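Because the structure is a prediction, the values reported are computed rather than measured. Computed over heavy atoms, backbone and side chain alike; hydrogens, waters and symmetry mates excluded.
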Amino acid sequence: NNSKMLEYTLDNLRDKSFYDYCDLLVVDDRSTEDIKEIVLKNNCMYVRADYDGLFNFSMVNNIGALFAIQQGYDEILFWNSDLWIPEYQSFREIEDDKRMTIQFGGCEFDSQPHLGCFFVRHAGRYLPHDSFLHSQNHHIPFVTAAITLIKSSLFRELSGFNPSLKINFQDLDLCLRACELGHIPYYVGKDCHFYHDEGIELGSSHYEEEKLKDALLYSKIWAYNRIM
């Protein structure tokens, strides 16, 4: 839900010339509000994801990616509904300067503290914005899935996000699997900033168990299995 936030995000993207460069698909995760009406009013594509259980970030993104791949798009740009372009920047500036010939892209954030493991999910978030980690473009083992550009062919090769990692760590897992195939994510931070109201609806207690399960599974996959 949270239709007001979605409407704000879509207005922000329109104001920042996003629609001049991208076709936008909104994946509706079982909302009970007027999400579809808002999406169609903004001339965006719409698909609804109905499934049992708690929110599954991986599954929702995989559904959107599958739709994009079936429609023949060469690239997929994942964009969270709580992610905005700041007033001093437009998507045109980002696109003209950063047209992706790379496999992954991630960007700098002014972000709310995340309830998960922020020290790996957004490395260096508390460093000054002019630090190298924030302000320069460079290869890095992982980028956040809140905004990630990836070739459709690579996403298919990786079989998408791991749906067993429902809330946290699916972006790290995807990036590290890409690294194993020789595709090192590329972080775009030079003159490229976004606002992310991270985890805005995931603070309730019934998500804590799922977050713990994600952390344990991620640790089992990468801290144990890859060592053996």
Side-chain angles (χ1 to χ4, degrees), residues 1-14 16 18-19 21-85 91 100 104-107 109 114 116 121 143-175 194-204 207 210-211 214:
N1 289 317
N2 205 331
S3 58
K4 290 183 178 180
M5 183 180 69
L6 175 63
E7 195 159 21
Y8 177 87
T9 302
L10 295 178
D11 287 344
N12 172 260
L13 294 179
R14 182 189 301 102
K16 300 301 180 180
F18 183 92
Y19 295 170
Y21 294 89
C22 300
D23 296 325
L24 197 150
L25 167 70
V26 175
V27 181
D28 181 355
D29 180 28
R30 304 170 292 176
S31 69
T32 57
E33 298 181 4
D34 55 343
I35 300 297
K36 184 175 182 179
E37 180 180 341
I38 293 171
V39 171
L40 297 181
K41 182 180 68 175
N42 283 273
N43 296 316
C44 302
M45 295 177 284
Y46 172 89
V47 63
R48 181 179 175 88
D50 285 306
Y51 56 93
D52 296 327
L54 295 176
F55 172 67
N56 190 318
F57 182 85
S58 296
M59 183 182 298
V60 168
N61 280 279
N62 285 344
I63 290 172
L66 178 60
F67 180 91
I69 291 170
Q70 290 177 337
Q71 295 299 312
Y73 289 94
D74 294 328
E75 298 169 337
I76 302 169
L77 175 61
F78 295 101
W79 190 288
N80 278 18
S81 60
D82 56 355
L83 182 73
W84 311 300
I85 302 173
F91 194 81
M100 302 294 186
F104 277 94
C107 300
F109 292 94
H114 195 273
R121 292 183 59 82
V143 293
T144 175
I147 174 172
T148 292
L149 178 67
I150 184 172
K151 299 285 187 181
S152 298
S153 56
L154 177 58
F155 194 78
R156 289 190 64 176
E157 184 177 1
L158 295 171
S159 299
F161 293 105
N162 183 349
S164 295
L165 296 168
K166 297 179 180 180
I167 299 176
N168 287 340
F169 299 105
Q170 62 284 115
D171 41 11
L172 276 70
D173 174 74
L174 183 76
C175 290
F194 298 90
Y195 292 114
H196 186 201
D197 199 354
E198 193 180 3
I200 190 169
E201 292 185 337
L202 298 181
S204 55
Y207 284 103
E210 292 301 326
K211 292 176 184 178
D214 287 346

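The side-chain contact (heavy atoms from CB on, under 4.5 Å) test with Cys175 is passed by exactly one of Thr144, Thr148, Leu158, Val143: Val143.
In terms of heavy-atom proximity, Cys44 sits nearest to Leu10 at SG-CD2, 4.3 Å. Minimum heavy-atom separation, Val60 to Tyr51: CG2-OH, 3.7 Å. The minimum heavy-atom distance between Asn56 and Leu165, with the atom names listed, is OD1-O, 4.5 Å. Residues Pro163 and Ser58 come closest through the heavy atom pair CA-CB, 3.7 Å.
Separation of atoms CD (Gln170) and CE (Met59) is listed at 12.0 Å; rounding is to 0.5 Å. Here the straight-line distance linking atom CZ of Phe55 with atom CZ of Arg30 works out to 8.5 Å at 0.5 Å rounding. Annotation: the span from Ile76 atom CD1 to Asn61 atom CG amounts to 9.5 Å, rounded to 0.5 Å. Note that the CG atom of Asn168 and the CZ atom of Phe57 stand 10.0 Å from one another [nearest 0.5 Å]. Remark: Asn80 CG to His196 NE2 distance equals 4.5 Å, nearest 0.5 Å. Atom CD1 of residue Ile150 and atom CZ of residue Arg156 lie 13.0 Å apart, to the nearest 0.5 angstrom.
Atom CD of Glu33 has more than 12 heavy atoms from other residues, nucleotides or ligands within 6.0 Å. Within 6.0 Å of CG on Asp50 lie more than 12 heavy atoms contributed by other residues, nucleotides or ligands.
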Q. Between Trp79 and Leu13, does a side chain to side chain contact (heavy atoms under 4.5 Å, CB included) hold up when you go through it step by step?
A. CA-CA 11 Å; Trp79 190 288; Leu13 294 179; 3.4 Å; yes
Q: Start with the C-alpha gap between Lys166 and Tyr207, add the side-chain angles, then the distance that decides, and say whether side chain to side chain contact (heavy atoms under 4.5 Å, CB included) holds.
A: CA-CA 10 Å; Lys166 297 179 180 180; Tyr207 284 103; over 6 Å; no
Q | salt bridge (charged side-chain N to carboxylate O under 4.0 Å, His left out) evaluation trace for Glu157 with Lys151 | A | CA-CA 10 Å; Glu157 184 177 1; Lys151 299 285 187 181; over 6 Å; no
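Counting heavy atoms from C-beta outward, Arg48 and Ser31 have side chains that approach closer than 4.5 Å. Side-chain atoms of Ser164 and Asn162, non-hydrogen and from C-beta on, do get closer than 4.5 Å to each other. The closest side-chain heavy-atom distance from Leu83 to Thr9 is not below 4.5 Å. With contacts defined as side-chain heavy-atom distances shorter than 4.5 Å, the pair Asn12/Phe18 does not qualify. No side-chain heavy atom of Val27 sits less than 4.5 Å from a side-chain heavy atom of Phe67. Residues Val39 and Asp28 form no side-chain contact, since every pair of their non-hydrogen atoms from C-beta on lies 4.5 Å or further apart. Side-chain contact check for Tyr8 versus Asn2: every heavy-atom pair is 4.5 Å or farther apart. Between Tyr46 and Glu37, every side-chain heavy-atom pair lies at or beyond the 4.5 Å cut-off.
Of the possible polar contacts, none joining the Asp173 side chain to the Phe161 backbone as a donor-acceptor pair under 3.5 Å is found. Put simply, the side chain of Ser81 never gets that close to the backbone of Leu6: no donor and acceptor are under 3.5 Å apart.
Side-chain contact, Tyr73 with Asp23: a donor N or O sits under 3.5 Å from an acceptor N or O. Side-chain polar atoms of Tyr195 and Asp82 form no donor-acceptor pair below 3.5 angstrom.
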